[in-house]
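Below: the structure, in structure tokens.
Scope of the values below: all heavy atoms of this structure, side chains included, with no hydrogens, waters or symmetry mates.
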Amino acid sequence: MIPLRDSEPSGTVPVVTILLIVVNALVWLYEISLGDQVDLFVQQYGLTPLRFVSYSRYSGGFIDNALIPAVSSIFMHSGWLHVIGNMWFLWIFGDNVEDRLGHVKYLLFYLFCGVGACLLHVYLHPYSRVPLVGASGAISGVLGAYLLSFPSARVYTLF
């Protein structure tokens, strides 16, 4: 199913949702502009669980191996469908959650969900050497908030 729109009107301009979509799109465009160097970028700014749990073994310590990747990875994506799918769901459902929470709380909630998903992934796969990228954890949090906030809303879909 591909959501097209929902039945809940938003009472405010979704400034943060638009900003998040723009930032994700710009990071994606930067990623694809790197060509062969994209792997180095993903290794540096994607969240690699083994580097997260063993940060002291790597140069840069906690900040470069845990803190920065826990945030930067939620703005990176692995392909066109990945970024378009995430941003589409954010566009459909994020405006209502932003309207309900307010701009600042919504941004903090989005970041909390994204970083929380990263931490859960690290907990479940602490020895993985594969970098985690994507906003799916943050988007899942937004979808959960939408479901709880608007349980009777209709979502119109393509299929």
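- Judged as a side-chain hydrogen bond (donor to acceptor under 3.5 Å, both in side chains), and not counting sequence neighbours, the contacts of R51 are N65.
- V53 and V130 are assigned to two separate hydrophobic clusters, defined by single-linkage of ILVMFWY side chains at heavy-atom distances under 4.5 Å.
- More than 12 heavy atoms of other residues, nucleotides or ligands lie within 6.0 Å of CG in L124, so this atom counts as buried by the packing criterion.
- In this view, L101 and V97, K105, Y106, F109 satisfy the side-chain contact (heavy atoms from CB on, under 4.5 Å) rule, not counting sequence neighbours.
- Here the shortest heavy-atom pairing between S10 and D99 reads OG-CB, 3.8 Å.
- Atoms OG1 and NE2, from T48 and H125 in turn, are 13.5 Å apart once rounded to the nearest 0.5 Å.
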Report, one line per pair, each donor and acceptor closer than 3.5 Å where one atom sits in a side chain of residues 37-46; sequence neighbours left out.
none

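- Counting heavy atoms from C-beta outward, I2 and W88 have side chains that approach closer than 4.5 Å.
- Residues passing the ring-ring contact (aromatic ring centres under 6.0 Å, His included) test with H103: none are found, sequence neighbours excluded.
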Can you give each donor-acceptor pair under 3.5 Å made by side-chain atoms of residues 140-159, sequence neighbours left out, with the distance rounded to 0.1 Å?
residue	atom	partner	partner atom	Å
S140	OG	S136	O	2.8
Y146	OH	D6	OD2	2.7
S149	OG	A145	O	2.8
T157	OG1	F159	O	2.9

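- A117 pairs by the side-chain contact (heavy atoms from CB on, under 4.5 Å) definition with nothing, not counting sequence neighbours.
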Identify every side-chain donor-acceptor pair in residues 22-36 under 3.5 Å, counting partners at least two apart or on other chains, and give the distances.
residue	atom	partner	partner atom	Å
N24	ND2	L20	O	2.7
E31	OE2	H77	N	3.1
S33	OG	Y30	O	2.6

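- Cluster membership check: L107 shares its hydrophobic cluster with V71, using side-chain heavy-atom separations under 4.5 Å among Ile, Leu, Val, Met, Phe, Trp and Tyr.
- Partners of Y123 according to the ring-ring contact (aromatic ring centres under 6.0 Å, His included) rule, which considers only residues two or more places apart in sequence or in another chain, do not exist here.
- E98 is listed as a side-chain neighbour of V15, based on a closest heavy-atom distance under 4.5 Å.
- Cluster partners of L108, using a side-chain heavy-atom cutoff of under 4.5 Å among ILVMFWY residues and allowing indirect links, are V104.
- The closest side-chain heavy-atom distance from Y110 to T17 is not below 4.5 Å.
- Annotation: side-chain contact (heavy atoms from CB on, under 4.5 Å) contacts of L47 (sequence neighbours excluded): F52, P69, A70, S73, C118, V122, L132.
- By the side-chain hydrogen bond (donor to acceptor under 3.5 Å, both in side chains) test, S78 is found to be paired with H82, residues two or more places apart in sequence or in another chain being considered.
- No continuous path of hydrophobic side-chain contacts links F112 to F75 [ILVMFWY only; heavy atoms under 4.5 Å].
- Taken together through direct or relayed side-chain contacts under 4.5 Å among Ile, Leu, Val, Met, Phe, Trp and Tyr, I84 and M76 form part of one hydrophobic cluster.
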Can you give each donor-acceptor pair under 3.5 Å made by side-chain atoms of residues 89-96, sequence neighbours left out, with the distance rounded to 0.1 Å?
residue	atom	partner	partner atom	Å
N96	ND2	E8	O	2.9

